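Taking it in order: structure first as structure tokens, then the write-up.
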Amino acid sequence: MSSHQNPSRVRIIPAKARTRRTEENPDGQKKRIAVYARVSTASEMQASSYELQVAYYKDYVSKNPAWQLVDVYADEGISGTSTKNRTEFNRMIQDCEEGRIDYILTKSISRFARNTLDCISRIRMLKSLKPAVGVFFEKENIDTLDSKSELFLTILSSMAQEESRSVSENTKWGVQKRFQQGIVHMPTIFFLGYDTDEDGEIVINEEQAEVVRRIFREYLEGKGCPSIAKGLMRDGIKTGKGNKTWTGDSVYKILRQEKYQGHCLAQKTVTIDFLSHKRVRNNDIQPQYFVKNTHPAIISEETFEAVQQEMKRRRLMMKDPDEKYRQHFSSVSPFSNQFYCGECGRPAIRRRMTSSRKGEKYYISAWQCRVTAGRDPDYTDCKTSYVHETDLENAFMKIMREMKEHPDVVIEEAKQVITKASLSPSEQQRLGELNTQIEAVADRISDLAAKGSTTNDAIYDATLRHLIYEQEILQQERDSLEDNMQEQLYLEKQLQSLIDILETTEELKDFDVTLFKNTIERGIIYKERMVEFQFKCGVKRIICARERKTPKKKKA
């Protein structure tokens, strides 16, 4: 029979690799064995598992007369997706590099590493040492010094990594479901103003809460964040972490912290990589959850909102609507960031000027358009006169005295402004309907989260996305009406504040810094030293700050 009819078939019989793991070293010395154990969380159940692993491997090594236990390297309560923060694991690798270990025993690949790249690279590094260090995975029955181990390790490590990804996704799913149900986690350690009592309830720390209230109050009084920080350090007040150093940024973060009004914005940051655990600001990456009334409030909603509006006002000072100029907020003078040029719209700046009288020099403070003062490199065409600071002070107090004499005129003018800003009856009705509809959608989201499955579900996700979209559309319309409503409420509040001041203040003689800050929104300086004072309640007054006398001509 010809050979082409019966082709030769070859079967390769691989050599049985012997790693001599269970035997002594060639020089007759016992093999130096290291044991690595790890549990993912620090819970009581996992801690028990950890202790069992350690006890088991100590007994396992002692039963082999050819082995000598070097140490048990055990990480407790640390995730396995990265080796970065696994102290004991890293100590074990260092001992291997220093030639103190021949073999590592561990329960499984998932206990050793769930990151495929880390797992493979570590094993290859250990195999490249002189002498090579092997790793034995008991569950998978893989010895890394066996020539067949590389393929199995690559496959199994990939499976372990996928398992980590799945666990991470399911965990994220569970957290988001709790947010949807209105359940949030709010640690109070290092959180200025709050503590957690023995029952796990969040309570106000009154001593620290006074510091929080002071920060909000001083900001509304006109101080900047760096100025507030300096005051806190001057008075020896400590931060939430017990530090004596305050920064403008730390004050800013307190002013932006919605939790001080008793609400919680959940998922401000998100993990973008389950292997590296890197967290970033949640800028439209995943949904956020605003849960109201989760704990006692230190600051009222009105005060918190007033601070946010003041922050917005100061940010807008950086540039005008037409982007003609930029400036920075300052609290050096009560007039800082308050006066603008009526001709070109640029900010007015404070100038220290020199004058002389009877041959003696003296200094005066004046406010002038920064273009006229030569301080604006992008614009030069403005010739507005400067106004003495004392003249501005006197002009303001003169207006206040006139208002005190004729409060009815002020009230009538303010009410006209408020009427223009107010919502119409139909808009008020629509706002009420939107609030009801938004609450109904929020309840549906909470009910859905409570009834949903414990794992990712396509129908659940689709329904939730639809509800979130519906809520967002309603919220946009509501926010627009709410902004108008807030403007109306703001004007009404400022009018009442002005009336109270006029009724309770007996004398209005000398310039009052607090009075100016509490009543004036901005001032406009025109030509011929005409100044417009715009009050926070919407009322405006124009006055000549000072008419300079023309020198009399000498008679011939």
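Computed from a prediction, not measured in an experiment: that's the story for all the values here.
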Practice task
Before giving the answer on side-chain contact (heavy atoms from CB on, under 4.5 Å), spell out for Leu129 and Met125 the whole-Å C-alpha distance, their side-chain angles and the decisive distance to 0.1 Å.
Solution key: CA-CA 7 Å; Leu129 296 176; Met125 182 275 291; 4.3 Å; yes

Practice task
Step by step, work out the side-chain contact (heavy atoms from CB on, under 4.5 Å) result for Arg122 and Val135.
Solution key: CA-CA 10 Å; Arg122 293 287 184 177; Val135 183; over 6 Å; no

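- Between Gln437 and Glu433, the side chains place no donor N or O within less than 3.5 Å of an acceptor N or O (distance only, hydrogens not considered).
- With a 4.5 Å cut-off on side-chain heavy atoms, Arg444 and Thr463 do not count as touching.
- The two residues Val441 and Leu467 make their nearest non-hydrogen contact at CG1-O, 3.5 Å.
- Judged by distance alone, the side chain of Ser250 and the main-chain N or O of Thr247 form a donor-acceptor pair under 3.5 Å.
- Looking at Thr196 and Ile189, their side chains never come closer than 4.5 Å, going by heavy atoms from C-beta outward.
- Atom CD of residue Gln208 and atom CD1 of residue Ile237 lie 11.0 Å apart, to the nearest 0.5 angstrom.
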Practice task
Please report the C-alpha distance between Arg213 and Glu206 in whole Å, then the side-chain angles of each, then the deciding distance to 0.1 Å, and finally whether the salt bridge (charged side-chain N to carboxylate O under 4.0 Å, His left out) criterion is met.
Solution key: CA-CA 10 Å; Arg213 296 185 186 106; Glu206 283 300 335; 3.6 Å; yes

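- Close placement of the Tyr260 and Phe191 rings is indicated, their centers lying within 6.0 Å of each other.
- With rounding to the nearest 0.5 Å, the separation of CZ in Phe136 from OG1 in Thr144 is 10.5 Å.
- Remark: Tyr36 engages Phe89 in a ring-ring contact (aromatic ring centres under 6.0 Å, His included) (not counting sequence neighbours).
- Between Val211 and Ile254, the closest side-chain pair of non-hydrogen atoms is not below 4.5 Å.
- Considering all non-hydrogen atoms of both residues, Tyr57 and Glu138 come closest at OH-OE1, 2.8 Å.
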Practice task
Verify side-chain contact (heavy atoms from CB on, under 4.5 Å) between Gln29 and Asp102, making sure each step is shown before the conclusion.
Solution key: CA-CA 11 Å; Gln29 298 294 321; Asp102 296 316; over 6 Å; no

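- Every residue two or more places apart in sequence or in another chain that forms a ring-ring contact (aromatic ring centres under 6.0 Å, His included) with Tyr60 is listed here: Tyr56, Trp67.
- Between atom CG of residue Leu69 and atom CG of residue Asn64 there is a gap of 12.0 Å, rounded to the nearest 0.5 Å.
- With respect to Asp95 and Arg32, no salt bridge is recorded, no charged nitrogen being found less than 4.0 Å from a carboxylate O.
- No hydrogens or angles considered: a donor-acceptor pair under 3.5 Å links the side chains of Asp479 and Gln475.
- Of the possible donor and acceptor atoms, one in the side chain of Thr436 sits under 3.5 Å from a partner among the backbone N and O of Gly432.
- In this structure, CZ in Arg478 is found 10.0 Å from CE in Met485, a value given to the nearest 0.5 Å.
- Between the side chain of Ser480 and the backbone N or O of Glu477, no donor-acceptor pair lies under 3.5 Å.
- Panel note: side chain Asp197, backbone Asp199; a donor-acceptor pair is recorded below 3.5 Å.
- Between Asp71 and Arg91 there is a salt bridge, since a side-chain N of the basic residue sits under 4.0 Å from a carboxylate O of the acidic one.
- In terms of heavy atoms, Gly193 sits closest to Ile298 at O-CD1, 3.5 Å.
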Exercise for the section: Tell me, with the steps shown, if Gln261 and Glu305 meet side-chain contact (heavy atoms from CB on, under 4.5 Å). Expected result: CA-CA 10 Å; Gln261 57 175 336; Glu305 185 59 33; over 6 Å; no

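- Of all heavy-atom pairs between Lys30 and Pro65, the closest is CE-O, 3.0 Å.
- A distance of 10.0 Å separates CD1 of Ile228 from CZ of Phe216, quoted to the nearest 0.5 Å.
- Between Arg430 and Leu481, the shortest heavy-atom distance links the atoms CG-CD1, 4.0 Å.
- To the nearest 0.5 Å, atoms CE (Met311) and CG (Leu255) are separated by 4.0 Å.
- What you find for Ala34 and Ile101 is that their closest heavy atoms are CB-CD1, 3.6 Å.
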